[in-house]
**Q** 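Handing you this structure, nothing more for now.
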Amino acid sequence: MKLTPGSTSDESGMSQDNEGTHGPVVWLITDNKPGHRNQLKGLGNRLRALANARIHWLSATDYPVPLWRAALAVAPRLDPHLPHPDLVVAAGSGTHRLLLALRRRRGVRTLVLMKPGFPLALVDGAIVPAHDRVPGSARVFVTEGALNAVTPMARLTDQPNALVLIGGPSPHFDWQEDALLNQITDLMARYPGWRWTLSDSRRTPGSTSEALAGLRSPKVTFVHHQQTHEGWLSHQLAASRAVWVTPDSMSMVCEAATSGVPTGLFELPQNPGSRVARGVARLLEQGYVARWQDHPKVMGDHPRPTARLWEADRAARWILPSLARTGRS
């Protein structure tokens, strides 16, 4: 990665003193959209673990930047208590103006997650999913799917617990509620000894959520997404022997696959030209996830070992050499 040239923080952006550490300072700029924040969190967690990075969160909404400042790289007035950064990372189009405005600060490297709407030459590096079709280079790191904050499980539970994660209508797949519910109930009938935890998302239609709730039984639990908390998914994955996901959400698919829990995808017709559908197809081809008709591989007592997917770790290790040049990692 050719990026040229304290304290930590929690996700709320509140600084926490961490005296005695000398890791690089990393600013994470968020637009507070859950998917983008999750990508930043995953990368930040690995930089903290691998390089003792001191992480600080900045909300782009707190620092509005007019277009002229972004174009001329004129930084806005920031919190004076923020330590000078070695690396600034942004995710989401709502963060791009602030990132560009900071790009000429002394000794600061800038990094964007996902393909931006501006020329990549304006920043020092980019981490881009393969389905965006940006060629890899010394400045562009290509990932399989989206970064996320899930850590692979050291071992799988022996308990026959399955987790089902349901998305909703999107531009990438044709949402077919009846077909989806048939696949879910078919799985339950094929594997009657299993316990099932079903959960919807913000995009799930009300009719689908009602149908999922109607499947409740002594062995089936439905958890509405509003009843979940930040650590809910990680806890559920740790307790699951299998996970099934609708393919419309790349973030959900990648989180499940990253966990190392055998992951299957429900079948929904993909829309032509969808970049998310292309990304899902790549994950299927490389064995990170399985198709619905291959459910024995997911639900079997001894499923075939799946390939390892931990893109936040790979991306962080790609960044490490540039951080090491600061002399503080």
Side-chain angles (χ1 to χ4, degrees), residues 1-5 24-31 33 35-44 46-47 51 53 55 57-60 63-76 85-148 171-172 250-251 254 273-279 282 311-326:
M1 179 182 183
K2 293 187 177 179
L3 300 181
T4 55
V25 174
V26 178
W27 290 2
L28 303 179
I29 304 179
T30 178
D31 59 6
K33 292 183 178 179
H36 297 154
R37 192 175 183 89
N38 193 35
Q39 293 180 50
L40 291 166
K41 181 181 177 182
L43 183 62
R46 295 312 298 156
L47 290 174
I55 305 298
W57 287 83
L58 283 74
S59 174
Y63 302 102
V65 173
L67 183 59
W68 71 267
R69 280 185 175 271
L72 299 177
V74 178
D86 299 295
L87 175 66
V88 179
V89 188
S93 59
T95 67
H96 291 171
R97 287 191 181 186
L98 179 56
L99 179 70
L100 293 176
L102 295 171
R103 71 185 187 273
R104 290 182 184 165
R105 290 193 60 169
R106 177 181 54 83
V108 173
R109 305 166 182 82
T110 51
L111 177 67
V112 65
L113 303 188
M114 301 185 300
K115 181 181 179 180
F118 57 80
L120 286 174
L122 294 179
V123 291
D124 296 301
I127 297 175
V128 183
H131 59 252
D132 278 345
R133 295 179 172 175
V134 177
S137 68
R139 297 175 57 253
V140 177
F141 185 78
V142 178
T143 64
E144 293 298 339
L147 304 186
N148 61 82
H172 309 290
M250 177 59 82
S251 60
C254 290
S274 164
R275 60 184 183 83
V276 169
R278 288 199 304 267
R282 287 179 61 94
E311 297 300 80
D313 185 74
R314 281 210 313 128
R317 293 179 187 276
W318 177 70
I319 294 170
L320 286 181
S322 66
L323 290 182
R325 288 196 292 271
T326 68

**Q** For the CE atom of Met114 and the CG atom of Leu147, what is their distance to the nearest 0.5 Å?
**A** 9.5 Å
**Q** Among residues at least two apart in sequence or on other chains, which ones pass side chain to side chain donor-acceptor pair (under 3.5 Å) with Arg282?
**A**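 Scan of Arg282 (side chain to side chain donor-acceptor pair (under 3.5 Å), adjacent residues dropped) gives Glu144.
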**Q** Take Gln39 and Asn148, measure what side-chain contact (heavy atoms from CB on, under 4.5 Å) needs, and give me the verdict at the end.
**A** CA-CA 5 Å; Gln39 293 180 50; Asn148 61 82; over 6 Å; no
**Q** Report yes or no: do Asp31 and Thr95 form a side-chain donor-acceptor pair below 3.5 Å?
**A** no
**Q** Answer whether the closest heavy-atom distance between the side chains of Val134 and Leu120 falls below 4.5 Å.
**A**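 Counting from C-beta outward, Val134 and Leu120 do come under 4.5 Å.
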**Q** So, does Arg314 use its side chain to make a donor-acceptor pair with the main chain of Glu311 at under 3.5 Å?
**A**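 It does not hold such a pair.
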**Q** So which heavy atom on Gly145 is nearest to which on Cys254, and how close?
**A** CA-SG, 3.6 Å
**Q** Counting distance only, does the side-chain N/O of Thr110 pair as donor-acceptor with the main-chain N or O of Asp124 below 3.5 Å?
**A**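 Checked: pair present.
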**Q** By salt bridge (Lys or Arg N to Asp or Glu O under 4.0 Å), which residues pair with Asp313, not counting sequence neighbours?
**A**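 With sequence neighbours excluded, Asp313 shows a salt bridge (Lys or Arg N to Asp or Glu O under 4.0 Å) to Arg46, Arg317, given in chain and number order.
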**Q** Taking distance alone, no hydrogens or angles, what donor-acceptor pairs closer than 3.5 Å link side-chain atoms of residues 126-133 to residues at least two apart or in another chain?
**A**
{"residue": "His131", "atom": "NE2", "partner": "Arg275", "partner atom": "NH1", "Å": "3.3"}
{"residue": "Asp132", "atom": "OD1", "partner": "Arg275", "partner atom": "NH1", "Å": "3.4"}

**Q** Closest approach of Val108 and Leu102, non-hydrogen atoms and distance?
**A**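 Looking at all heavy atoms of both residues, the closest pair is CG1-O, 4.2 Å.
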**Q** To check you understand the geometry: which heavy-atom pair defines the closest contact between Leu98 and Pro76, and what is its length?
**A** CD1-CG, 3.7 Å
**Q** Using the ring pair (Phe, Tyr, Trp, His ring centres under 6.0 Å) criterion, which residues pair with His172? Sequence neighbours excluded.
**A**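 Residues passing ring pair (Phe, Tyr, Trp, His ring centres under 6.0 Å) with His172: none at all.
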**Q** Would you say Arg109's side chain and Asp86's backbone share a donor-acceptor pair under 3.5 angstrom?
**A**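 Flag set: sc Arg109 to bb Asp86 pair under 3.5 Å.
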**Q** Using a 3.5 Å cut-off and no angle test, enumerate the donor-acceptor pairs between side-chain atoms of residues 67-75 and protein atoms at least two apart in sequence or in another chain.
**A**
{"residue": "Arg69", "atom": "NH1", "partner": "Val74", "partner atom": "O", "Å": "3.4"}
{"residue": "Arg69", "atom": "NH1", "partner": "Ala75", "partner atom": "O", "Å": "2.9"}

**Q** Any idea which heavy atoms bring Trp27 and Pro85 closest together, and the distance?
**A** CZ2-CD, 3.4 Å
**Q** If the condition is ring pair (Phe, Tyr, Trp, His ring centres under 6.0 Å), which residues does Tyr63 pass it with, not counting sequence neighbours?
**A**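 Result, ring pair (Phe, Tyr, Trp, His ring centres under 6.0 Å) vs Tyr63: none returned.
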**Q** Taking Thr143 for its side chain and Ala146 for its backbone only, find out whether a donor-acceptor pair lies under 3.5 Å.
**A**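 The answer is no, because no donor-acceptor pair under 3.5 Å joins these two groups.
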**Q** Using every non-hydrogen atom in the two residues, find where Ala101 and Val65 come nearest and quote the distance to one decimal.
**A**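 Heavy atoms only, the tightest pair is CB-CG1, 4.0 Å.
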**Q** Would you check if Ile319 and Leu87 make a side-chain contact, meaning some heavy-atom pair closer than 4.5 Å?
**A** yes
**Q** Ala60 and Gly94: which non-hydrogen atoms are nearest, and at how many Å?
**A**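 For Ala60 versus Gly94, the nearest heavy atoms are CB-O, 3.5 Å.
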